[in-house]
Amino acid sequence: MTSRHAHDDTRWELGPLVGPTGAHDHAALSTPVPESSDLAPCLDSAVTDLTDMRGSTVSFTVRPDPESVTAARHFAMCRLVEWGLPQLADDVGLVVSELVTNALRHSGGTLSGRPGRAVRHEGVYGDPADPLGSAPSAIRLRLGHDTNWLMCGILDASKSAPRRREPDYIAETGRGLHLVDSFSSRWGWRSLTNGKVVWALFSTC
């Protein structure tokens, strides 16, 4: 895998890196990431296309199941092949895995398939073996692309901001957003009427 760490690439008019960048960045173990603001028009439009299912956007519903991260990654890999972008497979696959894992852990579901404390009983997955719908409100993976970029995003029902943690390279968890930051050109999040989207942008050039 190769990092596409290109936050200052002026071709994309991406502006500064999301979140705090001063010496106090890691003063706390967990820091909420500010919502993306003042995005360049092209980037703002791409995020809107992703959330509103416009243009080339495709969507995949993530189930609260132990295999859901693998299924989401497989869906992304298949779309990359269809779009002729296999060179992005390693970076996009890693970022999708991290974003899906974070959404499952923090929006009411669990990686074991059992509901968390924030579960809303809506039957959103239509599982006949689970008529009460004991699953979090649907988590969706979205992918969209244009000539020079690809964007992926995770939509979930939580209004809470993603939290950047002090990286611990020995622990098994806690490095997710640092990996997303390292392997995408830009990432951020936007609040929505029924939750939020966390998105990541990749250059296809």
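Worth saying up front: this structure is predicted, and the values here are computed from it rather than measured.
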What pair of heavy atoms forms the shortest contact from Phe75 to Ser59, and how long is it? CZ-O, 3.7 Å
Restricting to non-hydrogen atoms, name the atom on Thr61 and the atom on Arg140 that form the minimum distance, rounded to 0.1 Å. OG1-NE, 4.0 Å
Met77 CE to Asp90 CG distance, which is reported to the nearest 0.5 Å: 8.0 Å
Mind checking whether Val69 and Leu104 have side chains closer than 4.5 Å, heavy atoms only? yes
Are Val198 and Asn102 close enough that some pair of their side-chain heavy atoms sits under 4.5 Å apart? no
How far apart are the C-alpha atoms of Leu88 and Trp83, what are their side-chain angles, what is the distance that settles it, and do they pass the side chain to side chain contact (heavy atoms under 4.5 Å, CB included) test? CA-CA 11 Å; Leu88 295 181; Trp83 292 338; over 6 Å; no
Non-hydrogen atoms of Ser36 and Trp199 that approach each other most closely: OG-CZ2, 3.7 Å
For the side chain of Asp156 and the backbone of Ser158, is there at least one donor-acceptor N/O pair under 3.5 Å apart? yes
Restricting to non-hydrogen atoms, name the atom on Leu201 and the atom on Ser184 that form the minimum distance, rounded to 0.1 Å. O-CB, 3.4 Å
Less than 4.5 Å apart, side chain to side chain, heavy atoms only: is that true for Leu177 and Trp187? yes
Do the side chains of Ile139 and Val100 get nearer than 4.5 Å, heavy atoms only? no
Side chain of Ser191, backbone of Lys196: donor and acceptor closer than 3.5 Å? no
Please answer whether the main-chain N or O of Ser97 pairs with a side-chain N or O of Arg73 as donor and acceptor at a distance below 3.5 Å. no
Hey, could you give me the CG/CZ distance between Leu143 and Arg79, rounded to the nearest 0.5 Å? 8.0 Å
Would you indicate whether the side-chain heavy atoms of Leu43 and Met151 approach each other to under 4.5 Å? yes
Take Val95 and Leu99, measure what side chain to side chain contact (heavy atoms under 4.5 Å, CB included) needs, and give me the verdict at the end. CA-CA 6 Å; Val95 169; Leu99 292 180; 3.8 Å; yes
Taking all atoms of both residues into account, what is the closest heavy-atom pair of Val33 and Trp189, and its distance? O-NE1, 2.8 Å
Non-hydrogen side-chain atoms of Val96 and Glu98 separated by less than 4.5 Å: no
Least distance between heavy atoms, Leu150 atom then Thr204 atom: N-CG2, 3.8 Å
With sequence neighbours excluded, what pairs up with Asp44 under the salt bridge (charged side-chain N to carboxylate O under 4.0 Å, His left out) test? Arg190
Distance col, row Ser45:OG vs Leu39:CG, nearest 0.5 angstrom, shows 11.0 Å
Where the side chain of Ser182 meets the backbone of His178, is there a donor-acceptor pair that is under 3.5 Å apart? yes
Under 3.5 Å, side chain of Thr57 to main-chain N/O of Arg54, donor-acceptor pair present? yes
Do Ser203 side-chain atoms and Trp149 backbone N/O form a donor-acceptor pair below 3.5 Å? no
Please round to the nearest 0.5 Å and tell me the distance separating atom CD of Glu82 and atom NE2 of His145. 9.5 Å
